[in-house]
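Heads up, the thing below is written out as structure tokens.
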Amino acid sequence: MQRIINEPGEVVGDMLKGFLKAHREIVAATGNPRVLKYSGAPVSGKVGVVTGGGSGHKPAFVGYIGRNMLDAVAVGEVFSSPSAKAFLDAFKAADSGKGIACLYGNYAGDNLNVKMAVELAEEQGIRVKTVVANDDVPSAPPAERSKRRGVAGEVLMWKVGGAKAALGGDLDAVIQAAQKAIDNTRSIGIGLTPCTIPAVGHPNFAIAPGKMEVGIGHHGEPGTRVEDLKPARDMAKMMVETVLPDLPFRSGDRVATLVSGLGATPVMELYILYDTVEAELAKAGLRVRRSYVGNYFTSLEMMGATLTVMKLDDELETLIDLDAQSMGLTQFGR
Amino acid sequence: MQRIINEPGEVVGDMLKGFLKAHREIVAATGNPRVLKYSGAPVSGKVGVVTGGGSGHKPAFVGYIGRNMLDAVAVGEVFSSPSAKAFLDAFKAADSGKGIACLYGNYAGDNLNVKMAVELAEEQGIRVKTVVANDDVPSAPPAERSKRRGVAGEVLMWKVGGAKAALGGDLDAVIQAAQKAIDNTRSIGIGLTPCTIPAVGHPNFAIAPGKMEVGIGHHGEPGTRVEDLKPARDMAKMMVETVLPDLPFRSGDRVATLVSGLGATPVMELYILYDTVEAELAKAGLRVRRSYVGNYFTSLEMMGATLTVMKLDDELETLIDLDAQSMGLTQFGR
Amino acid sequence: MESFASERGEPILGALVAAIQARSGELSDLDGALGDGDHGINMAKGFGMCLEQLSARSYGLSEAFSTLGGVLLDEIGGAMGPLYGTFFRGLARASKGRERIDAELFGSMLEQAIAGVAALGGAKAGDKTLLDTLEPALAAYRRALSEGKPFSEALGELAFAAERGRDSTREMAAKVGRASRLGERSRGSVDAGAASACVILCALAASMRTLLEEEAT
Amino acid sequence: MESFASERGEPILGALVAAIQARSGELSDLDGALGDGDHGINMAKGFGMCLEQLSARSYGLSEAFSTLGGVLLDEIGGAMGPLYGTFFRGLARASKGRERIDAELFGSMLEQAIAGVAALGGAKAGDKTLLDTLEPALAAYRRALSEGKPFSEALGELAFAAERGRDSTREMAAKVGRASRLGERSRGSVDAGAASACVILCALAASMRTLLEEEAT
Ligand SMILES: Nc1ncnc2c1ncn2[C@@H]1O[C@H](COP(=O)(O)OP(=O)(O)O)[C@@H](O)[C@H]1O
Ligand SMILES: Nc1ncnc2c1ncn2[C@@H]1O[C@H](COP(=O)(O)OP(=O)(O)O)[C@@H](O)[C@H]1O
Ligand SMILES: [Mg+2]
Ligand SMILES: [Mg+2]
Ligand SMILES: [Mg+2]
Ligand SMILES: [Mg+2]
């Protein structure tokens with residue numbers, strides 16, 4: 001295991017210490033070492049936007065803490081949901097009295113821990129509403145959409161929720177916007193090499209050379225099928241063909257796109273993939289209004305990429321376009 | 001080779017097509033397919049800031065094209081200097097009549113191609129001055145500093161040069177600021193796994209499991225010595241101990257730091273490294289005014305990291321702090 | 001009637017933690033086959049933290065379970081943090097203030113613990129989860145008692161049924177949790193949670209039988 | 001006196017491109033040992049592009065070299081783009097407008113080409129570069145001519161000395177280029193540029209000797 005770590009069991013704590021040092025201007029510690037918050041949080045008069053999730057996905061989740069983005073994040077072990085207590089403490093760190101929008105991904109652990117945390121929060125008089133991201137198309141058929149995983153589409157959900165709260169939306173408005181965001185978002189991932197959780201010390205699955213996992217999850221959960229590696233242009237077509245009919249997207253739709261690497265794929269290759277993705281979207285009559293390409297939601301040192309497409313209406317486009325400042329996503333407004 | 005590519009020989013061209021599509025608002029094509037420019041270039045009344053280099057280092061080099069950053073970039077094959085003609089065409093794309101600051105890295109190919117391009121440019125009435133980055137401490141002893149490679153310190157040199165030009169500095173002022181930037185910058189890299197140039201198809205060197213290359217270059221050039229892998233905190237100490245005495249940095253100095261991954265090292269680990277780096281800098285009495293941590297200058301899918309430290313004076317700090325907008329580095333001003 | 005003193009938390013917790021730590025790699029590998037490979041390390045971490053918190057003093061069984069449940073809920077997270085947190089807090093609550101643990105009491109401890117897991121997770125037997133270990137094990141335990149078997153023998157039945165329950169998940173297709181997205185591909189490998197539940201029940205049964213024997217002699 | 005028609009650009013360029021492409025992997029491996037591993041692929045790409053540009057028409061030797069030099073300079077980059085670009089433009093310039101290539105002319109072509117490389121790169125013999133192939137090869141060629149050997153025999157000496165020159169770089173420590181940062185670690189492996197220069201000189205010598213033989217019969 002070729003790693004830049006100290007004790008394999010302590011990677012999350014060590015990482016958080018370094019993260020806080022590097023981003024003092026925008027991120028602050030809280031009383032719970034597994035909860036970080038925006039240095040300005042709680043922002044008075046603003047709905048608190050919170051998420052949480054396992055570690056190993058940098059910039060997700062703590063990298064999206066910032067101005068017009070997330071107010072607080074609960075941090076789990078590598079690939080493990082944060083505890084209920086961490087979620088609860090994140091709610092507290094973000095709460096200015098206007099309520100908390102907890103926007104998280106659909107995983108057994110997160111569902112359970114958020115559920116317990118929300119109950120505890122309400123006992124303490126903090127109002128929490130949730131949106132559960134389920135943008136990963138291959139993880140369940142359309143009829144069972146509520147079973148689907150949340151993947152890189154979460155980044156766009158956070159962007160939208162964070163912007164809506166920043167523009168003064170109340171709790172219901174923030175929840176509605178974030179729910180609309182994820183309802184209009186579809187993703188798919190392909191995996192080319194596995195990854196190794198430091199404390200485990202060996203890859204938790206294998207991908208034979210020359211093969212790829214289609215529909216893989218960003219924890220290395222096996223995909224829905226194994227295929228021969230093919231040229232990037234064929235990968236892109238297959239990914240677009242999986243994503244578009246599912247919503248469905250229609251000719252004339254405006255969209256935002258996000259192509260994320262899973263960690264170790266050179267960013268050069270993400271652009272090679274995006275070249276065909278955009279060509280295929282154009283063929284389908286979609287108009288790309290904003291495109292993100294890079295390592296936005298990773299899976300340690302896995303090779304592979306995810307494609308996310310979000311259908312925009314005027315509200316979503318305004319919210320996606322708002323300026324934002326965080327380690328993982330900083331943009332000027334249009 | 002688990003890759004998201006089409007033809008291995010065409011990765012650079014395919015990547016540039018996708019890059020242009022993804023970043024239309026900030027990057028534009030030129031008549032030479034191997035030259036990209038800032039969409040606003042040439043910016044009238046402003047010195048043109050240009051660089052060039054081989055591909056496979058994303059975000060470097062094209063990712064630093066943008067507002068208050070680079071005006072044009074010459075693009076080479078993977079790990080190969082761009083041609084003299086590409087440098088010349090980049091000068092032309094950036095030239096508003098105020099002259100060109102060509103800020104590049106110290107490699108045989110780049111030196112030769114820039115030299116030829118500068119001669120051709122002057123024949124055509126374009127004034128070009130150059131700064132050659134040589135921040136990589138382990139690549140030559142202090143007495144032969146002019147032989148050292150340019151590595152991730154180039155990013156800070158471009159930031160400074162781009163900001164100076166944006167603030168209205170004339171050619172000599174931009175060159176002076178960029179030269180001061182690099183003269184006050186020192187770097188070191190460690191490599192944990194090799195990388196594979198797509199057209200070659202196999203790794204171009206080996207690192208035995210449990211070993212690391214100290215002083216490696218970001219093209220996979222072997223380092224100055226091979227050591228056993230050690231805990232991140234010991235790597236950080238060794239890196240700081242190599243870099244600080246070389247300038248030398250002194251107690252009380254203000255600095256900017258840059259910890260860059262080489263491509264496949266999870267960003268989590270860069271923060272683990274940074275945690276000790278900052279602690280060691282603090283021990284030495286240095287005050288970190290700005291810290292960049294992430295994949296700023298990579299080497300395809302190599303695992304490893306580089307540390308860059310730049311000593312700031314008032315001018316350099318102002319220039320580093322200026323807002324900037326590019327794919328690889330977007331920041332709001334302070 | 002067989003029973004043991006509830007103040008003997010240490011040997012039981014010690015054996016439980018040792019069992020989980022010894023099987024940690026195996027549990028992560030099982031999770032890696034269908035999920036994300038973290039099950040064993042997080043279990044081992046949580047159980048180890050609990051032992052550390054309680055070290056340097058003596059404690060009863062209810063306190064041991066309550067501390068373990070609290071650590072899992074507050075510090076560990078994952079799916080197993082709340083599930084096993086609820087499980088051990090159920091065991092703790094049902095035994096709180098009781099001086100001796102007998103067969104009947106342990107039966108209602110298990111019942112409360114397992115009911116909490118089922119209510120929280122919303123899974124049922126056949127979904128390929130830890131419940132496929134816990135529920136048949138409890139049923140076998142109850143059956144043994146109703147057949148008049150003594151406590152220690154019923155614990156043997158509990159452990160035996162737990163192993164069969166764990167193995168029964170091999171051929172199931174997962175209905176909840178990460179593995180559920182694999183559909184048919186999730187068959188052929190034992191569920192990680194079912195395996196850890198088996199480790200837990202077997203360790204509890206073994207250490208309790210030792211205590212029963214000790215007190216009998 | 002031996003000579004061949006300068007209009008025979010095709011067989012010479014064809015053999016040259018084929019030789020570089022055949023050795024491309026080997027050259028990249030050599031570069032990988034001390035540098036960044038791209039030497040062979042970039043050479044093969046540039047030489048291939050040149051052949052494509054000239055395909056579907058016939059061309060003389062000077063035009064072939066001039067096109068090759070231009071492609072290397074304009075399209076290929078790297079260290080070898082300008083170095084070999086200068087080299088082939090030197091060969092082209094010195095043979096421009098000449099109807100036949102004889103021993104003397106080829107000698108001055110090489111001289112001009114190598115002088116350009118040395119001036120541009122600032123390296124000298126012993127620095128572990130392509131000059132360690134080029135310079136001794138030229139010297140051997142000159143020596144053969146001064147000893148009165150015929151053109152074809154001198155070409156043989158050229159090739160033989162090129163191989164020895166290439167091999168001589170194995171034990172050198174690099175003074176310029178990427179490998180120079182390796183210091184002592186750069187010993188033990190042949191320089192990639194010295195190896196490609198040897199491929200080029202040997203291919204030129206062989207195809208020219210074939211042409212001389214053809215014209216002699
Ligand atoms: N809703 C649920 N109800 C009961 N058990 C569940 C549920 N979801 C998951 N599990 C159990 O949790 C185990 C996975 O635990 P773990 O690996 O710690 O969590 P994670 O999936 O968050 O990585 C599964 O093997 C399964 O037995
Ligand atoms: N200044 C120089 N003068 C002469 N030859 C040089 C010089 N610098 C490098 N070389 C030659 O170039 C070769 C490397 O070429 P190549 O791999 O194409 O370039 P790069 O170093 O840009 O990857 C070296 O093996 C060496 O022979
Ligand atoms: Mg997990
Ligand atoms: Mg190169
Ligand atoms: Mg798991
Ligand atoms: Mg090279």
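Convention: sequence-line order gives letters A, B, ...; per-chain numbering from 1.
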For [X], is the [atom1] atom crowded, meaning more than 12 foreign heavy atoms sit under 6.0 Å from it?
X      : atom1 : result
B:Q124 : CD    : yes
B:E227 : CD    : yes
D:R98  : CZ    : no
D:Y59  : OH    : yes

Please report the shortest heavy-atom distance between [X] and [Y], naming the atom on each side.
X      : Y      : result
D:I76  : B:S83  : N-CB, 4.2 Å
D:K175 : B:K147 : O-NZ, 3.2 Å
D:A79  : B:A108 : CB-CB, 4.2 Å

Under 4.5 Å from any heavy atom of chain B - which part of D:A33 |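 The backbone, not the side chain.
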Under a 4.5 Å heavy-atom cut-off, does chain B meet the side chain of D:N42, its backbone, both or neither?
-> side chain
Backbone N or O of D:G70 within a donor-acceptor pair of the B:K85 side chain at under 3.5 Å?
->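 No, because the side chain of B:K85 does not come within donor-acceptor range (under 3.5 Å) of the backbone of D:G70.
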Determine yes or no for a side-chain-to-main-chain donor-acceptor pair under 3.5 angstrom, with D:D36 supplying the side chain and B:G220 the backbone.
-> no
Could you walk me through whether B:V78 and D:D38 pass the side-chain contact (heavy atoms from CB on, under 4.5 Å) test, one step at a time?
-> CA-CA 8 Å; B:V78 174; D:D38 62 353; over 6 Å; no
Rounded to the nearest 0.5 Å, how far apart are [atom1] of [X] and [atom2] of [Y]?
X      : Y      : atom1 : atom2 : answer
B:E10  : D:K45  : CD    : NZ    : 5.0 Å
B:K115 : D:L120 : NZ    : CG    : 5.0 Å
D:M80  : B:S81  : CE    : OG    : 11.5 Å

Flag side-chain contact, heavy atom, 4.5 Å: D:L73 against B:M116 = yes
